[in-house]
Asker: 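Okay, handing you the structure first.
Just follow the structure's listing: the first ligand is 1, and inside any ligand the first atom is 1. Quick note: numbers below take in every heavy atom, side chains included, and nothing from hydrogens, waters or symmetry partners.
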Amino acid sequence: MTTTEHHVEPSVEELFDDTIAADQRIEPRDWMPDAYRATLIRQIAQHAHSEIIGMQPEGNWILRAPSLRRKAILLAKVQDEAGHGLYLYAAAETLGVDRAELTEKLINGKQKYSSIFNYPALSYADIGVIGWLVDGAAICNQVPLCRCSYGPYARAMIRVCKEESFHQRQGYELLMTMMRGTEAQREMVQESTNRWWWPSLMMFGPPDGDSPNTQQSMAWGIKRHTNDELRQRFVDMTVPQAAALGVALPDPDLRWNPERGKHDYGEPDWTEFKAVITGGGPCNAQRIAHRRAAHDNGGWVREAASVYAEKQAARASGGGRATA
Ligand code: 3HC
């Protein structure tokens, strides 16, 4: 703190702490602790990578959708995920990183993407269950991020969450249609639910006691709730939805606890989770190889765009007329 003519100027650290304490937003131009910046880059990059990698399991079913309507809905959803990735890479770039650098780190295994996208989409019912459970979990996890202390991230989340609601609704409606169909369709929905339930619970991260980042992220207002709090919120939201669908959730320990006013549920397999997030997921090699190939195949577009931008800049500085 410096004193000028008896007026005490707050230090940048005090300004940062006061902004967080007042539940205000930190903006790109504001001073921020290096660790705050690093945590945001880590989380926002992982979030962006997840959106882009998450296009793969659903994208595999676009050509096999059973009707034009289902194909159009799935196309719209997958395109939304690409847009979410772009928003989030743009938010990360306000912190001084470059999306090309982040993509390289993803491809080289130096940055993560969400565990959930390590699992294969094996049947068409998975398209409904991914919308219902995975996007449902994403909504639980992302709505609080609309109040994140970092302005660009919080603002990116507002539109993402609106679109996630469509994603969850379309998945649930697809499943409701299948549950009114044949016995084979009902069995397909139940089999898919059995495969996706536990990985959806793992999306919220390790138990609070094993989460090295939660306490600090909560203190900085990046996280508004702990991993277990959001997991519990998702379980309590999903149980009645499963009942309305007529599917059983594959957890023998799942039951309403009147004392807690919440559902008790079993423990996800944290050994599996740890293996998945350290590169041992069932589809990790395939997901990364696909991402690397897409990045390489798109090299000519990036090169053409940068040459065009250089030409435009040269014309603008030389006074020449920029072409349309
Ligand atoms: N998948 C992969 N890694 C995970 C993970 C998951 N589900 N959960 C935790 N981890 C990693 C963390 O990244 C951290 O590793 P790191 O320090 O090397 O980065 C480690 O496990 C410890 O976990 P923490 O709980 O301490 O880490 P965080 O405080 O970062 O919490 C998080 C993890 C809850 C996932 C948090 O990062 C978060 O909320 N991220 C933003 C939201 C997000 O990424 N959502 C999921 C994917 S997007 C999506 O669902 C798309 C939708 O359209 C379907």
Side-chain angles (χ1 to χ4, degrees), residues 35 38-59 76-85 87-88 91-92 105-106 109-119 121 127 129-148 150 153-154 156-157 159-168 170-171 196 198-231 233-234 268 270 272-281 284 287:
T39 293
L40 284 166
I41 290 170
R42 174 184 64 81
Q43 177 165 328
I44 299 172
Q46 180 168 318
H47 199 159
H49 297 331
S50 304
E51 302 282 3
I52 300 301
I53 296 284
M55 293 164 70
Q56 292 186 32
E58 291 175 304
K77 179 183 192 294
V78 173
Q79 283 171 335
D80 280 352
E81 309 297 10
H84 296 176
Y87 286 149
L88 288 160
K105 285 185 174 174
L106 168 69
K110 294 195 173 44
Q111 281 185 338
K112 298 182 172 75
Y113 59 93
S114 182
S115 52
I116 192 71
F117 298 122
N118 271 279
Y119 295 87
I127 298 307
V129 171
I130 288 171
W132 172 40
L133 295 182
V134 176
D135 290 83
I139 289 171
C140 287
N141 164 278
Q142 291 173 156
V143 165
L145 288 171
C146 295
R147 293 184 293 113
C148 169
Y150 187 59
Y153 195 21
M157 280 296 105
R159 179 164 172 177
V160 166
C161 287
K162 286 177 182 165
E163 291 173 347
E164 292 295 8
S165 297
F166 148 64
H167 298 173
Q168 203 259 5
Q170 64 80 33
W196 287 95
W198 292 107
S200 298
L201 294 192
M202 295 176 196
M203 278 176 73
F204 293 93
D208 293 348
D210 291 343
S211 168
N213 300 299
T214 290
Q215 192 178 356
Q216 183 59 67
S217 288
M218 296 275 286
W220 277 328
I222 294 172
K223 273 181 164 177
R224 294 297 183 167
H225 302 280
T226 71
N227 299 355
D228 287 332
E229 284 169 355
L230 292 179
R231 200 179 347 261
R233 187 177 290 187
F234 172 66
W270 296 118
E272 174 185 326
F273 173 76
K274 286 195 179 90
V276 167
I277 69 169
T278 49
N284 184 52
R287 297 284 186 247

Asker: For ligand 1, find out whether one of its N or O atoms is nearer than 3.5 Å to an N or O atom of E81.
Answerer: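 So ligand 1 has an N or O lying under 3.5 Å from an N or O of E81.
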Asker: Hey, does the side chain of R224 reach the backbone of R147 with a donor-acceptor pair shorter than 3.5 angstrom?
Answerer: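 Such a contact is found between R224 side chain and R147 backbone.
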Asker: With a 4.0 Å cut-off on N to O distance, would you call R233 and E229 a salt bridge?
Answerer: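 Looking at E229 together with R233, the answer is no, because their closest N to O distance does not fall below 4.0 Å.
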Asker: Please step through side-chain contact (heavy atoms from CB on, under 4.5 Å) for the pair L145 and N141, ending with a clear verdict.
Answerer: CA-CA 7 Å; L145 288 171; N141 164 278; 3.9 Å; yes
Asker: Could you tell me, atom by atom, which parts of ligand 1 come under 4.0 Å of a heavy atom of V134?
Answerer: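 Contacts of ligand 1 toward V134, numbered from 1: 54 (C).
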Asker: Among all protein non-hydrogen atoms, which one is nearest to atom 22 (C) of ligand 1, and what is the separation to 0.1 Å?
Answerer: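 The answer is P212 CD, 3.7 Å.
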Asker: Looking only at protein heavy atoms, which one is nearest to atom 5 (C) of ligand 1, and how far off is it?
Answerer: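 Atom 5 (C) of ligand 1 sits closest to the protein heavy atom F273 CZ, 3.7 Å.
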Asker: Tell me the contacting part of Q43 for ligand 1: side chain, backbone, both, or neither, using a 4.0 Å heavy-atom threshold, strictly below.
Answerer: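 The answer is the side chain.
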Asker: At under 4.0 Å between heavy atoms, is it the side chain or the backbone of N141 that contacts ligand 1, or both, or neither?
Answerer: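 The answer is the side chain.
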Asker: Determine, for R231 against D228, whether the closest basic-nitrogen to carboxylate-oxygen distance falls under 4.0 angstrom.
Answerer: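 A salt bridge is present here (some side-chain N lies under 4.0 Å from a carboxylate O).
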Asker: Do any nitrogen or oxygen atoms of S115 lie less than 3.5 angstrom from nitrogen or oxygen atoms of ligand 1?
Answerer: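 N/O-N/O distance below 3.5 Å exists for this pair.
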Asker: Counting heavy atoms only, name the option from P144, A45, A138, G281 that's nearest to atom 49 (C) of ligand 1.
Answerer: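 Of the listed residues, A138 has the closest heavy atom.
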Asker: Return yes when at least one protein heavy atom is under 4.0 Å from atom 32 (C) of ligand 1, and no when none is.
Answerer: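 Given the 4.0 Å limit, the answer for atom 32 (C) of ligand 1 is no, no protein heavy atom qualifies.
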Asker: Can you tell which part of S50 has a heavy atom less than 4.0 Å from ligand 1: side chain, backbone, both or neither?
Answerer: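 S50 to ligand 1: side-chain contact only, backbone stays beyond 4.0 Å.
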Asker: Show the nearest heavy-atom pair for residues N284 and G279, with the distance to one decimal.
Answerer: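 Heavy-atom minimum between the residues: ND2-O, 3.1 Å.
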Asker: Is there a donor in the side chain of H47 and an acceptor in the side chain of Y113, or the other way round, less than 3.5 Å apart?
Answerer: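 H47 vs Y113: no donor-acceptor pair found between side chains.
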Asker: What part of H84, side chain, backbone, both or neither, has a heavy atom within less than 4.0 angstrom of ligand 1?
Answerer: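 For H84, there is no contact with ligand 1 at all, from either part.
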Asker: Which atoms of ligand 1 sit under 4.0 Å from any heavy atom of Y153?
Answerer: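 Listed by number with element, the hits are 41 (C).
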Asker: For the residue pair H167 / E164, report whether a side-chain donor-acceptor contact shorter than 3.5 Å exists.
Answerer: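 Yes, H167 and E164 have a side-chain donor paired with an acceptor closer than 3.5 Å.
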Asker: Check the angle between the aromatic planes of Y119 and W196 and answer parallel, tilted or perpendicular using the 30° and 60° thresholds.
Answerer: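 Rings of Y119 and W196: perpendicular, over 60°.
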Asker: Considering residues at least two apart in sequence or located in another chain, which fulfil the ring-ring contact (aromatic ring centres under 6.0 Å, His included) criterion with Y87?
Answerer: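 With sequence neighbours excluded, Y87 shows a ring-ring contact (aromatic ring centres under 6.0 Å, His included) to no residue whatsoever.
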Asker: Look at atom CD of Q216 and say whether more than 12 heavy atoms of other residues, nucleotides or ligands are closer to it than 6.0 Å.
Answerer: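 Counting neighbours around CD of Q216, more than 12 heavy atoms of other residues, nucleotides or ligands fall under 6.0 Å, so yes.
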Asker: Only heavy atoms count here, so choose which of H49, Q46, E58 is nearest to atom 13 (O) of ligand 1.
Answerer: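 Heavy atom nearest to atom 13 (O) of ligand 1 belongs to Q46.
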Asker: Which is it for E81 and I52 under the side-chain contact (heavy atoms from CB on, under 4.5 Å) test, yes or no, and what are the steps along the way?
Answerer: CA-CA 7 Å; E81 309 297 10; I52 300 301; over 6 Å; no
Asker: What part of H47, side chain from CB on, backbone N/CA/C/O, both or neither, has a heavy atom under 4.0 Å from ligand 1?
Answerer: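 Under 4.0 Å from ligand 1, H47 contributes backbone and side-chain atoms.
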Asker: Touching ligand 1 at all, Q111? Heavy atoms, strictly under 4.0 Å?
Answerer: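 False for this residue.
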Asker: List every atom of ligand 1 that sits less than 4.0 Å from any heavy atom of S211, numbering the atoms from 1 in the order shown and giving each element.
Answerer: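 In order of numbering, the contacting atoms are 24 (P), 25 (O), 26 (O).
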Asker: Heavy-atom distances under 4.0 Å decide this one: backbone, side chain, both or neither, for I116 against ligand 1?
Answerer: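 No part of I116 comes within reach of ligand 1.
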Asker: May I ask you to check if ligand 1 and E164 share an N or O to N or O distance below 3.5 Å?
Answerer: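 Yes, there is a polar N/O contact under 3.5 Å.
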Asker: Please state whether G54 comes within less than 4.0 angstrom of ligand 1, counting heavy atoms only.
Answerer: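 No; G54 lies far enough from ligand 1 that no heavy-atom distance drops under 4.0 Å.
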Asker: Please work out, at 4.0 Å between heavy atoms, whether the side chain, the backbone, both, or neither of I277 comes within that distance of ligand 1.
Answerer: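 Just the side chain.
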Asker: Note the single closest protein heavy atom to atom 28 (P) of ligand 1, along with its residue, its atom name and the distance in Å.
Answerer: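 For this ligand atom, the closest protein heavy atom is K223 NZ, 3.5 Å.
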Asker: Does N213, backbone or side chain, put an N or O under 3.5 Å from an N or O of ligand 1?
Answerer: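 Indeed, backbone or side chain, N213 has an N or O that close.
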Asker: Record the part of R42 in heavy-atom contact with ligand 1 below 4.0 Å; permitted values are side chain, backbone, both and neither.
Answerer: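 For R42, only side-chain atoms sit under 4.0 Å from ligand 1.
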Asker: How many angstroms lie between CG in L106 and CD1 in I53, if you round to the nearest 0.5 Å?
Answerer: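 L106 CG to I53 CD1: 5.0 Å, rounded to 0.5 Å.
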